[in-house]
Student: 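One structure, as structure tokens, below. Some questions next.
The figures here come from the full heavy-atom set of this structure, side chains too, leaving out hydrogens, waters and symmetry mates. Each chain gets a letter, A, B and so on, in the order its sequence line appears, and its residues count up from 1.
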Amino acid sequence: MTTDSPAFVSVYEIVCRIPRGKVLTYGLISHLIGKRLSAQGVGWALNALPGSAKVANGKKYHSQNVPWHRVVNSKGGMSTHKIIDIPPDMQKQLLEAEGVKFDNEDKMVLDDYLWHEGLV
DNA sequence: ATGTTGACGCATG
DNA sequence: CCATGCGCCAACA
């Protein structure tokens, strides 16, 4: 796969830096990497994670060492319901394990959990 | 090469 | 609030 392209690696690098209990949005990551990849492209980068490990820049990226669950959409919700590789509630459970609270609509308060430090 | 699809976002009605 | 359309970029048939 061509998931070792610089833009994809940039996504992985940023996602790996997200601290516990914090999250980033797809659009934000897209902006952070200088729009080299659109929000959809970010989604594709993460989509390539499950299954086999991706090696780039001498580092190995995999769903096990990349906190993909800390990436949410702009509504503070999740969109993993369409994906068969991952159970629908997996992301929610992983985030809850880090202290993120959800309302009855499975949405979070982005303002409280957004990783502001990463935007510097 | 072309059309379709997708872990998305934003503007518009 | 919900539905649509458009932009976006990469993978795939």
Side-chain angles (χ1 to χ4, degrees):
Chain A
M1 301 297 256
T2 56
T3 48
D4 54 352
S5 61
F8 272 49
V9 173
S10 300
V11 174
Y12 302 145
E13 282 292 313
I14 291 176
V15 175
C16 284
R17 289 192 182 100
I18 306 178
R20 239 181 88 91
K22 292 291 180 180
V23 300
L24 280 183
T25 69
Y26 293 95
L28 228 32
I29 294 176
S30 170
H31 193 272
L32 281 175
I33 65 179
K35 303 254 187 180
R36 276 175 295 171
L37 221 58
S38 67
Q40 269 184 339
V42 173
W44 256 109
L46 299 184
N47 184 40
L49 283 177
S52 57
K54 317 300 173 192
V55 179
N57 288 356
K59 296 176 186 174
K60 188 177 75 172
Y61 299 98
H62 187 265
S63 55
Q64 288 183 358
N65 45 24
V66 176
W68 56 268
H69 55 276
R70 292 178 193 150
V71 183
V72 298
N73 59 30
S74 63
K75 307 180 198 90
M78 283 143 286
S79 314
T80 53
H81 52 82
K82 291 178 184 172
I83 307 179
I84 59 177
D85 301 337
I86 301 169
D89 291 336
M90 188 174 181
Q91 182 169 19
K92 181 187 173 188
Q93 290 176 9
L94 286 170
L95 287 174
E96 281 182 329
E98 298 185 350
V100 177
K101 309 295 183 189
F102 292 86
D103 60 15
N104 352 2
E105 294 181 0
D106 286 351
K107 304 284 164 98
M108 74 180 73
V109 183
L110 271 181
D111 237 14
D112 291 343
Y113 303 109
L114 216 48
W115 184 38
H116 303 284
E117 321 304 321
L119 310 181
V120 186

Student: Enumerate all atom pairs, one protein N or O and one N or O from nucleotides 4-6 of chain C, separated by less than 3.5 Å.
Tutor:
none

Student: Among C:dC8, C:dA10, B:dA7, which nucleotide sits nearest the side chain of A:Trp68?
Tutor: B:dA7

Student: Working to the nearest 0.5 angstrom, can you tell me the gap between A:Ile29 CD1 and A:Lys35 NZ?
Tutor: 13.0 Å

Student: Measure CE/A:Met78 against P/B:dC8 and give the value in whole Å, please.
Tutor: 12 Å

Student: What is the separation between atom CD on A:Gln40 and atom C1' on C:dC12, rounded to the nearest whole Å?
Tutor: 15 Å

Student: Please report, rounded to the nearest Å, how far the C1' atom of B:dA7 is from the CD1 atom of A:Ile18.
Tutor: 13 Å

Student: Quick check for you: to the nearest 0.5 Å, what is the distance between A:Arg17 atom CZ and A:Arg70 atom CZ?
Tutor: 14.0 Å

Student: Are A:Val72 and A:Gln91 side-chain neighbours, meaning at least one heavy-atom pair lies under 4.5 Å?
Tutor: yes

Student: Whole-Å distance between B:dA7 C1' and A:Phe8 CZ?
Tutor: 12 Å

Student: What's touching nucleotides 9-13 of chain B from the protein side, N or O pairs under 3.5 Å?
Tutor:
from, atom 1, to, atom 2, distance (Å)
B:dG9, OP1, A:Ser74, N, 2.6
B:dG9, OP2, A:Ser74, N, 3.3

Student: Among A:Phe8, A:Trp68, A:Tyr12, which one satisfies ring pair (Phe, Tyr, Trp, His ring centres under 6.0 Å) with A:Tyr61?
Tutor: A:Tyr12

Student: So what does A:Leu37 touch, heavy atoms closer than 4.0 Å: a base, only the sugar-phosphate, or nothing?
Tutor: sugar-phosphate

Student: Phosphate oxygens OP1/OP2 of B:dC8: is one of them under 4.0 Å from a side-chain N or O of A:Ser79?
Tutor: yes

Student: Quick one, A:Leu37 and A:Trp44 - any side-chain contact, counting heavy atoms below 4.5 Å?
Tutor: no

Student: Measure CH2/A:Trp44 against P/B:dA7 and give the value in whole Å, please.
Tutor: 9 Å

